[in-house]
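Notes follow the structure.
The model shown is predicted, which means the values in this text are computed figures rather than measured ones. Here is how names work: the chains are called A, B, and so on, in the same order as the sequence lines, proteins then strands, and each is numbered from 1.
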There are 2 protein chains.
Amino acid sequence: MDALDRKIIAALRLNGRATYAELGRTVGLSASSVHERVGKLEAAGVITGYHATVNPSTVGLGVTALVGIQPTDTAEDNDVAEELGALPEVESCYAVAGDEAFVVKVRVPTVDDLEHTLGRLRRIAGVARTRTTVVLSTRFEGRPNNTVLEDPPPTGA
Amino acid sequence: MDALDRKIIAALRLNGRATYAELGRTVGLSASSVHERVGKLEAAGVITGYHATVNPSTVGLGVTALVGIQPTDTAEDNDVAEELGALPEVESCYAVAGDEAFVVKVRVPTVDDLEHTLGRLRRIAGVARTRTTVVLSTRFEGRPNNTVLEDPPPTGA
DNA sequence: ATTGAAAGCCTCTGGCG
DNA sequence: CGCCAGAGGCTTTCAAT
C-alpha cells in the first residue's frame, strides 16, 4: 500500500462510481494500472465493497435508535451477535467495553416498529436488558476520514 | 417511487458499481431507462452518493469509540454540532434524546489518539462532559436493510 | 509494476412511440 | 415513460517493458 493506493482509496470513498480512467487521471496512472491496483486492494480486503447511500427517510426508515444490549451472566456473545444480525432492522452491531455487551443501531419506519423491535431484542436469549437512545436527527454519518490517507502515515498503518 | 425504483435502489445499495446495463437486466428495463430513473433518484435526494467501503484497520483507523456528549446548560446544539463536524475523526454525529445532546462515532489510529480526541471534544464550547464507549469489535456495520424496498410498503412510505 | 493496444461493453444523449 | 440507435468513452485483457 503506497501513496498511490491511498489516493485511489480516498477517491473511491468520495465517489464509489469513479471510473478507472478518471482515477487514473486523478492519481497519474493509466486506467489499466488503476484497474490492477483496485483489484488487489479488493482481494486484500482493504476495499470491502461499494454501496449507494440513501436518505433513509425517503425509503421509509425515518426512525433511528441506538440500543445498548446488556447480557445475562451466562450469555455467549457470539450467539447474541448472531441473533442480532438476524434482524434486518439492526443496521450495525458493535461489541463494546462496559456493562453492555453490544451497542446496535436500529432503523425502522415508525416508533411503533421501534417498540416492536425492542421487544424482539429483549426476547433474544442472553439479553438481560436494553437501553435505548432515540436519534432525533442525524447531523452527519459515515463521513470518510481521508486525512489518514492524504497525509503519509508517520509511523505506519 | 415505484417498485422498479425500489429494486434499483436495493441493487445499488448492494453494489454501488453496478452498471446501468446490469441494473436494467436485473429489473427488466433498458439501460437508458435505468439511467434516467437513477438520475431522478439522485436529483430527488433519495440516492445521496456512492462510496467505497474500506476495512478501517487496513487504513490505520483501528480504534473506534462511541462518545456521548453532555452539553452545558447554555449550549447551542447547532454550534456544538458544527464543531464536532470540524474534527475529521468524528465519522458520524447523531442528536439524541436523553441527557446527552449527541452521540458521535470516532475513529482513530490508536488509543493515544483517542485520548487526544476526547480532550479536544471536551474543550469544545458547550460540552460539559463526555461518556466514552470503546468498541471492541465491529460485528457488522452499515448493512443495507432492503426488506422495506423488497416488500411493497403496506400503507405507504 | 506499468504501459499501450484492441475488442467489446457501457454511457449518455437525442429522437420517437 | 420507455425504447432504440449511435458516437464516444470505458473496461478488461494481454504482451512487452
Side-chain angles (χ1 to χ4, degrees), chain A residues 1-55 57-60 144 146 148-153 155-157, chain B residues 1-55 57-60 144 146 148-153 155-157:
Chain A
M1 259 252 287
D2 59 8
L4 258 34
D5 282 332
R6 287 193 291 270
K7 276 190 194 174
I8 292 169
I9 293 167
L12 282 172
R13 289 224 274 183
L14 294 172
N15 176 15
R17 280 181 87 78
T19 66
Y20 298 123
E22 276 178 290
L23 294 168
R25 286 188 287 267
T26 301
V27 306
L29 281 178
S30 68
S32 42
S33 291
V34 173
H35 184 258
E36 185 174 352
R37 278 173 178 262
V38 171
K40 285 181 181 172
L41 289 168
E42 290 168 356
V46 177
I47 295 174
T48 56
Y50 305 89
H51 305 280
T53 56
V54 169
N55 182 337
S57 56
T58 64
V59 295
N146 282 337
V148 72
L149 297 169
E150 284 152 9
D151 308 334
T155 58
Chain B
M1 259 250 287
D2 60 8
L4 258 33
D5 282 332
R6 287 194 290 271
K7 276 190 193 174
I8 292 169
I9 293 167
L12 281 172
R13 289 224 273 184
L14 294 172
N15 176 15
R17 280 181 86 78
T19 66
Y20 298 123
E22 276 178 290
L23 294 168
R25 287 188 287 267
T26 301
V27 307
L29 281 178
S30 69
S32 45
S33 292
V34 174
H35 184 257
E36 184 175 355
R37 279 171 177 263
V38 171
K40 285 182 183 173
L41 289 168
E42 291 167 358
V46 176
I47 295 174
T48 56
Y50 305 89
H51 305 280
T53 56
V54 168
N55 181 337
S57 57
T58 65
V59 295
N146 283 337
V148 74
L149 297 169
E150 284 152 7
D151 307 334
T155 59

- Starting at atom CD of Glu22(B), determine the distance to atom P of dC10(D), rounded to an integer number of angstrom. 18 Å

- Query: Can a cation-pi geometry be assigned to Arg13(B) and Tyr50(B), taking NZ or CZ under 6.0 Å from the six-membered ring centre and within 45° of the ring axis?
  - Reply: no

- Taking all non-hydrogen atoms of both residues, which atom of Leu23(A) and which atom of Ala11(A) are closest, and how far apart? CD2-CB, 3.6 Å

- Query: Between dC10(D) and Arg25(A), is there an OP1 or OP2 to side-chain N/O distance shorter than 4.0 Å?
  - Reply: yes

- Message: Please classify the nucleic acid contact of Thr19(B) as base, sugar-phosphate, or nothing, using heavy-atom distances under 4.0 Å.
- Response: sugar-phosphate

- Are Ile47(A) and Thr53(B) side-chain neighbours, meaning at least one heavy-atom pair lies under 4.5 Å? no

- Query: Thinking salt bridges, do Asp2(B) and Arg37(B) make one under a 4.0 Å N-O criterion?
  - Reply: yes

- Query: Closest nucleotide of DNA chain C for His35(B) versus for Leu4(A): which of these residues is on the 5' side?
  - Reply: Leu4(A)

- Query: Counting side-chain heavy atoms from C-beta on, which of dT11(D), dC10(C), dC3(D) comes nearest to Ala21(B)?
  - Reply: dC10(C)

- What integer distance in Å separates Met1(A):CE from dA1(C):C1'? 17 Å

- Item | Selected nucleotide, minimal atom distance to Tyr20(A) side chain, candidates dG2(D), dT11(D), dT3(C) | dT11(D)

- Under 4.0 Å between a side-chain N or O of Ser30(B) and OP1 or OP2 of dG2(D)? no

- Task: Write down the distance between CG (Leu29(B)) and C1' (dT11(C)), rounded to a whole number of angstrom.
- Result: 16 Å

- Item | Value in whole Å for how far the P atom of dC12(C) lies from CG of Leu23(B) | 12 Å

- Ile8(A) has an atom CD1; how far is it from atom P of dA1(C), in whole Å? 13 Å

- Pick base, sugar-phosphate or nothing for Glu36(A), based on heavy-atom distances below 4.0 Å to the nucleic acid. base

- Can you find a donor-acceptor N/O pair under 3.5 angstrom joining the side chain of Ser32(B) to the base of dC4(D)? yes

- Arg37(A) or Arg17(A), whichever maps to the more 5' nucleotide of DNA chain C: Arg37(A)

- Task: Return yes if some donor-acceptor pair links the side-chain N/O of Glu22(B) with the main-chain N/O of Thr19(B) below 3.5 Å, else return no.
- Result: yes

